Amino acid sequence: AAGVGERELVTLAARAARPESGDPLDAAILEAAGDGEAVAVLATFPFTEARRRESAIVREPGGGAGVVVKGAVETVLAMCALGADEREGWSREAAKLGESGRRVIACARRPLDGAPASEPADGYALAGLLAFEDPVRPGVAEAVAECRAAGIHTIMVTGDHPATARAVAREIGLGGGEPVVVSGDELGGRAGAALRARDVVARASPTHTLELVRALQADGEVVVVTGDGVNDVPALQAADVGVAMGERGTRSAREVAAIVLLDDNFRTIVRAVAEGRRLFSNLRAAFEYLLIVHIPLVLTAALVPLAGYPLLYLPVHIVWLEMLIHPTAMLAFQIGGAGRALAPVRAHTFFARSDWARVLTAGAVLTGAVIAGYARGLGDGGDVEHARALAMATLALGSAAVTAVLTRLSDRLARLVVAGTIGLSAALIQAPPLALRLHVSPLHLDDWALGLAGALLAAAPLARRAARTCR
């Protein structure tokens, strides 16, 4: 303000700052003020979300008393003795600074006669505005874009001025670079569907944040809240997953949160979600594989004897198949996710109806292929060992084909498992000494071709799903 130097403004603001508050703005003000004149603090009126300001009554070096206030620009301006045009000019200046992404507060002072027990509400002289810059961490914009592409709606909730919030949101890419901003007071009982169209909530209080969380949850959303202060505690508790900052977070925030970040980095949350989705996808694919392969194993083991044919599987064959199936389920679907992008969620259930349809279709086709192979083997002179070999080869090739489609062979371990399944089955069937002990007989090339055709037919429904997912 006129007649107030920069040094004087910072010194005044420092009188209303508290070193023990833990507020980074107070820390920045005190650092900028350095070792200024020592003054006796007679009374303090701390910042709250309702007050939006912090005041201190101090004994001036000259002996008189005065009160210094700093806080939200609109709050402090309303306490100052300013004309309408002058107040409008300062508001425009604050908005201009906010639009550049800076956090802006105002500082004012007023002399006192004595030391009143209560904080004066008006009659202040504006000292000036202080603008703070907190640069966005590298990679946050990319992480926000990754969330957006994966169907995660990121909402920034802040107590800052809407202009500041909009500038920061635009910098990190919220709302595709054109964020929709609403003030906390404008939330007013909006439903979750209406809130999904918002990207930023400015001038928000803890109550506003809690209302936001509950409204989104009521609309069926899974809500993750991240925060570091005491004001974030209600929302951290109400969220489906509360994530507290471990470095600068308050003790209360860390205690109520389900997860504590050690690096205070939003990108870490995105990586954690990507890892969780990858593990869930791998688990679902492993269960698809187990169901598809066990359907023909169980059905043929029961139906073939009931139809009056010789036993298809002897105990050694069950052991053979289980030694193929379970290592495949444990190893082939542990696909590494380092550096992988955050994948969209296809469904919130473990298996959607379309998944069940594919599993049952693939299992039924593979069952038919195994039975057809066994029937053909018996038809070639009634050789049970040849028929068993053809059925076992079809089932083993089916296991390899299903594994290849579900994993897309995108991992070295998956490729080794598929190759090992085919190689081991061929060795056990084609090597006469091993075939003799396993009660099977070596197959001809056309037998292997028949088994491969049945395996590929069974994997075809899964291949169509994988192609759609890739696109």
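The model shown is predicted, which means the values in this text are computed figures rather than measured ones. Throughout, residue positions are numbered sequentially from 1 according to the sequence presented.
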Start with the C-alpha gap between M392 and L321, add the side-chain angles, then the distance that decides, and say whether side chain to side chain contact (heavy atoms under 4.5 Å, CB included) holds. CA-CA 8 Å; M392 293 289 290; L321 289 173; 3.6 Å; yes

Evaluate the criterion side chain to side chain contact (heavy atoms under 4.5 Å, CB included) for residue pair V224 and D240; output intermediate values, then yes/no. CA-CA 6 Å; V224 178; D240 295 289; 5.9 Å; no

Apply side chain to side chain contact (heavy atoms under 4.5 Å, CB included) to R51 and F45, showing your working. CA-CA 10 Å; R51 287 164 41 81; F45 304 91; 3.4 Å; yes

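For the 3.5 Å distance criterion, the side chains of R271 and T268 qualify, holding a donor opposite an acceptor. Inspection of the T300 and Y313 side chains reveals an N or O donor paired with an N or O acceptor under 3.5 Å. Looking at Y374 and T394, their side chains never bring a donor and an acceptor atom within 3.5 Å of each other. When only modelled atom types and interatomic distance are considered, R408 and S410 share no side-chain donor-acceptor pair under 3.5 Å.
For the pair V223 and Q217, the tightest heavy-atom approach, listed with the atom from each and the gap, is CG2-CG, 3.7 Å. The two residues G454 and V365 have their closest heavy-atom pair at O-CG1, 4.5 Å. Shortest non-hydrogen contact noted between V73 and A94 is CG1-CB, 3.7 Å. Residues V440 and A389 approach most closely at CB-CB, 3.7 Å, considering heavy atoms. When every heavy atom of P310 is checked against every heavy atom of V384, the shortest pair comes out as CG-CG2, 3.9 Å. Annotation for A165 and T158: closest pair CB-CG2, 3.7 Å, computed over non-hydrogen atoms.
A salt bridge is absent between E288 and R284; no separation between the charged side-chain nitrogens and carboxylate oxygens falls under 4.0 Å. Salt-bridge annotation for D446 and R376: present, with a side-chain N of the basic residue lying under 4.0 Å from a carboxylate O of the acidic one. Between R203 and E74 there is a salt bridge, with a side-chain nitrogen of the basic residue lying less than 4.0 Å from a carboxylate oxygen of the acidic one. Using a 4.0 Å cut-off between charged nitrogen and carboxylate oxygen, R214 and D219 do not count as a salt-bridge pair. Remark: K96 does not engage E99 in a salt bridge, criterion side-chain N to carboxylate O under 4.0 Å.
No donor-acceptor pair under 3.5 Å is formed between the side chain of H326 and the backbone N or O of E322. A donor-acceptor pair under 3.5 Å is absent between the side-chain atoms of T164 and the main chain of D160, judged by distance alone. The main-chain N or O of V104 is never found under 3.5 Å from a side-chain atom of H161 such that the two would form a donor-acceptor pair. Side chain of D26 to main chain of R18: a donor-acceptor pair is present (N/O by atom type, distance under 3.5 Å, no hydrogens or angles). When atom types are taken as modelled, the side chain of D199 and the backbone of V180 share a donor-acceptor pair closer than 3.5 angstrom. Between the side chain of S100 and the backbone N or O of L97 there is at least one donor-acceptor pair closer than 3.5 Å. A distance-only check finds a donor-acceptor pair linking the side chain of D264 to the backbone of E247 [under 3.5 Å]. Using a distance-only test at 3.5 Å, with no hydrogens or angles considered, a donor-acceptor pair links the side chain of H317 to the main chain of L314. Between the side chain of H208 and the main chain of S205, a donor-acceptor pair closer than 3.5 Å is present. For D355 (side chain) and A352 (main-chain N/O), a donor-acceptor pair under 3.5 Å exists by modelled atom type.
For F350 and F280, the distance between ring centers is under 6.0 angstrom.
Taken to the nearest 0.5 Å, the CG atom of L395 stands 5.5 Å off from the CG atom of L366. To the nearest 0.5 angstrom, I325 atom CD1 is 6.0 Å from S399 atom OG. With values rounded to the nearest 0.5 angstrom, I105 atom CD1 is found 9.0 Å from L129 atom CG. Atom CD1 of I292 and atom CG of L462 lie 4.0 Å apart (nearest 0.5 Å). L443 contributes atom CG, which lies 5.5 Å from atom CH2 of W448 (distance to the nearest 0.5 angstrom). Rounding to the nearest 0.5 Å gives a distance of 12.0 Å between CG of L261 and CZ of R254.
Side-chain contact check for L378 versus D383: every heavy-atom pair is 4.5 Å or farther apart.
Relative orientation of the H386 and H444 rings is tilted, given thresholds of 30° and 60° on the angle between their planes.
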